[in-house]
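Working notes, structure below.
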Amino acid sequence: MQLFLDTANVDYVKEISSWGVLDGVTTNPSLVAKEGKDFKQTVLAMCEYVPNVSAQVTAEDTDGMIKQGEEYAEWHKNIVVKVPMTTEGLKALTHFKKKKIRTNTTLIFSVAQAILAAKAGATIISPFIGRLDDQGEDGMRLIEDIMDVWTQYGFETQVLVASTRHPRHIVDAARLGAHICTIPYDVFKKLPNHTLTDVGLKKFMEDWRKVTS
Ligand code: E4P
């Protein structure tokens, strides 16, 4: 399973990539706005740390998406063009597929949308599970349903579990065989920790000091 960081903060990318476990980054317009930094510079800085950086188009019509996406793809080979799940987006995906430009289809909330994006040639699809949970639905059930369909038809499109909220989401996504999980910084920082690891290490060190001091 590939692990991505869900952020537009370059310092966070630098820190987590130093652990040797980071495969990519997903940005979106809201995350970029939160940081208040230049979009192109942010994305290019991240490309120095990871081989996949999703950069979202902000045009809402196909021609505009194509224009922006082609420009992003020229900035750096590590950029993956993020396209919203709309009919205009589907047309743009088909174009990018022909041009061999990697894409990530964002804002997927149903199996039908997932199938359409895969058929249009998306490299990655991003079902948002946390936002479904937020409104009382079962986000992980959507991943289960998509992975079932993927098994039946062998779609090459990778399933990226997005809008994760806690470590259990990452574990459940892995158990279902999802290809990628994108994780917010504060959740990523929780992943290496376990109370028994801390207690065990403290005891090892205490015992070691007894025989060495
Ligand atoms: C994915 O690419 C999105 O950036 C992200 O996961 C959205 O998550 P949110 O629902 O926490 O905003």
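Order of listing sets the numbers, starting from 1, for every ligand and every atom in it. All residue numbers refer to positions in the sequence shown, counting from 1.
Ring geometry, His169 versus His166: the interplanar angle falls under 30°, so the pair is classed parallel (tilted spans 30 to 60°). Ring planes of Tyr12 and Tyr185: parallel class, angle under 30° (limits at 30 and 60°).
Ser163 CA, 3.4 Å is the protein heavy atom nearest to atom 8 (O) of ligand 1. Protein heavy atom in closest approach to atom 5 (C) of ligand 1: Asp6 OD2, 2.9 Å. At the top of the distance list for atom 7 (C) of ligand 1, counting protein heavy atoms only, stands Phe128 CE2, 3.5 Å.
Of all atoms in ligand 1, numbered sequentially from 1 with element shown, those under 4.0 Å from a heavy atom of Asn28 are 3 (C), 4 (O). Close approach to Lys82 involves these atoms of ligand 1, each under 4.0 Å from a residue heavy atom: 1 (C), 2 (O), 3 (C), 4 (O). Close contacts between ligand 1 and Arg131 involve ligand atoms 7 (C), 9 (P), 10 (O), 12 (O) [criterion: under 4.0 Å to a heavy atom]. Residue contact check: Ala162 has heavy atoms under 4.0 Å from atoms 1 (C), 6 (O) of ligand 1.
Considering both main-chain and side-chain atoms, Arg165 comes within under 3.5 Å of ligand 1 through a nitrogen or oxygen pair. On a distance-only criterion, Thr27 and ligand 1 share no N/O pair closer than 3.5 Å.
Between the side chains of Gln68 and Thr58, at least one donor N or O lies within less than 3.5 Å of an accepting N or O. A donor-acceptor contact closer than 3.5 angstrom links the side chains of Thr182 and Thr26.
A salt bridge links Glu206 with Lys202: the closest approach of a Lys/Arg side-chain nitrogen to an acidic carboxylate oxygen falls below 4.0 angstrom.
A ring-centre distance under 6.0 Å is not found for Phe4 and Phe188.
The side-chain heavy atoms of Ile16 and Lys189, taken from C-beta on, include a pair separated by under 4.5 Å.
With a 4.0 Å cut-off on non-hydrogen atoms, Ser126 does not touch ligand 1 at all.
Contact analysis leaves Thr106 out of contact with ligand 1, as no non-hydrogen atom separation drops below 4.0 angstrom.
In the displayed structure, Lys91 atom NZ is contacted under 6.0 Å by more than 12 heavy atoms of other residues, nucleotides or ligands.
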